[in-house]
Amino acid sequence: MKIVYRDQAWKLPGRRRVQDAIREVGLIPHAVLVVRDGRLLTGDLMLEEEDEVKLIAVISGG
Amino acid sequence: MKCRKCNRQAAINMRRHKLALCETHYPEWFVAQTQRAIEKHHMFGPDDRVLVAVSGGKDSLALWDVLLKLGYQASGLYIDLGIEGYSTPSREKVERFAAQRPGAEFVVVDLKAEYGETLPEVAGRVRRGRGKPCSVCGLIKRHAMNRVARDSDYNVLATGHNLDDEVAVLFGNVLHWQTGYIARQAPVLPADREGFARKVKPFCRFYERETAAYTLITAIDYIYDECPYATGATSLQHKDVLNRMEEESPGTKAQFYLGFLRARKAGFFCAQAEEVELHPCTTCGQPTSAPGLCAFCRLWRATGE
């Protein structure tokens, strides 16, 4: 699966739960929201190898 | 995970509430919770004129959106600080937001046009802003909000501060035992003087994660990047620490803040709440604790001394 966060991207092999994938790239699940095809995902969902998700930092703006 | 209301796929799971909601029911919950906070803290009513300070970020635009949905008389105030690469895109977000909502009016205070200098320029000139302009920025914003509210008869000033913002401030003040600041932190600050607006924070019970989810689900286009001057800010470091604690123990941030509000209400910080005598500034008339000019008016007189 491909994980994109700001100007960084990671490729992880195999299937994983959303929250496990976030931890694996060194981020805090509580501090990001996960979007796939424009939809928000909860942490328990399973991501497949071919999935691409975008992580949105919840801290942002002025 | 399923939505508690309709059993469809949930879009967000709020562990502290043990509540998961879908894309339809989450915005409904969010709007209703905002109304609850407004009522609980006696912030304002339908007859009040509310000025919402909008930065182009997620919290302030979400707040404006929710207040309009709830039918309040809510206008926006955007303060253009002239920060290169940041102020223009932020302003565009505000303009686009308003253009999409018939009747959403807003005022712009353009620092350069009205006072002759941008924030980086004035901060570079005065001692207060050396190194970091954040202190000067706060001073300018407070002054502009008070001025517009008074000139245009708004009796309530609303900001988009969320629970994470409030907790980060409280945490920082506790670390340094800034008892006077702790005593003054509240969801509602009464007007300093006759003719000035009271300040309210209707989102103070929402996690930052919750306001971000609302803007994403309702497709509010906001400025995602942090202000360039916020990089490395202590408040962001505190937020990071607090989020790590929250991850391990859901509800930690809410317990810390809501427990503080209860203690405050019970009078725990009364002794620290100093009564500061305020006078009108001799130039602008805004309340100031110093005799003569207020800190804002002194900024434009200062030449780096």
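Here is the naming used below: chain letters follow the sequence lines, and residue numbers restart at 1 for every chain. Just so it is clear, the structure is predicted and the values come from calculations on it, not from any experiment. Basis for what follows: all heavy atoms, side chains included, without hydrogens, waters or symmetry-related copies.
Among R15(B), E23(B), Q9(B), E210(B), the residue with the largest count of heavy-atom pairs under 4.5 Å with chain A is E23(B).
A donor-acceptor pair is defined here as one N or O able to donate and one able to accept, closer than 3.5 Å; no such pair exists between the side chain of Y224(B) and the backbone of R6(A). The main-chain N or O of M1(B) is found under 3.5 Å from a side-chain atom of D44(A) such that the two form a donor-acceptor pair.
Closest non-hydrogen pair, A11(B) versus T42(A), comes out as C-CG2, 3.9 Å.
For V34(A), no part lies under 4.5 angstrom from a heavy atom of chain B. Looking at K253(B), only its side chain comes within 4.5 Å of chain A, counting heavy atoms on both sides. Proximity to chain B (any heavy atom under 4.5 Å) is shown, for I56(A), by both the backbone and the side chain. With a threshold of 4.5 angstrom between heavy atoms, Y207(B) approaches chain A through side-chain atoms but not through N, CA, C or O. Heavy atoms closer than 4.5 Å to chain A are found nowhere in A230(B), neither backbone nor side chain. Of the atoms belonging to L236(B), it is side-chain heavy atoms, and not backbone ones, that fall under 4.5 Å from chain A.
The neighbour count for E48(A) CD, taken as heavy atoms of other residues, nucleotides or ligands under 6.0 Å away, is above 12. Remark: K54(A) NZ is loosely packed, at most 12 non-hydrogen atoms of other residues, nucleotides or ligands lying under 6.0 Å away. Enclosure of atom CZ in R39(A) is not indicated, since only 12 or fewer non-hydrogen atoms of other residues, nucleotides or ligands lie within 6.0 angstrom.
In this structure L81(B) satisfies the side chain to side chain contact (heavy atoms under 4.5 Å, CB included) test together with I79(B), I83(B), S87(B), L111(B), L119(B), C137(B), I140(B), K141(B), sequence neighbours excluded.
Counting heavy atoms from C-beta on, the side chains of D240(B) and I59(A) never come closer than 4.5 Å.
A distance of 7.0 Å separates CD1 of I12(B) from CG of L40(A), quoted to the nearest 0.5 Å. Taking CG from D164(B) and NE2 from H30(A), the interatomic distance works out to 5.5 Å, rounded to the nearest 0.5 Å.
Near-neighbour residues of residues 241-249 of chain B relative to chain A, defined by a heavy atom under 4.5 Å from a heavy atom of that chain, comprise N243(B), R244(B), E246(B), E247(B).
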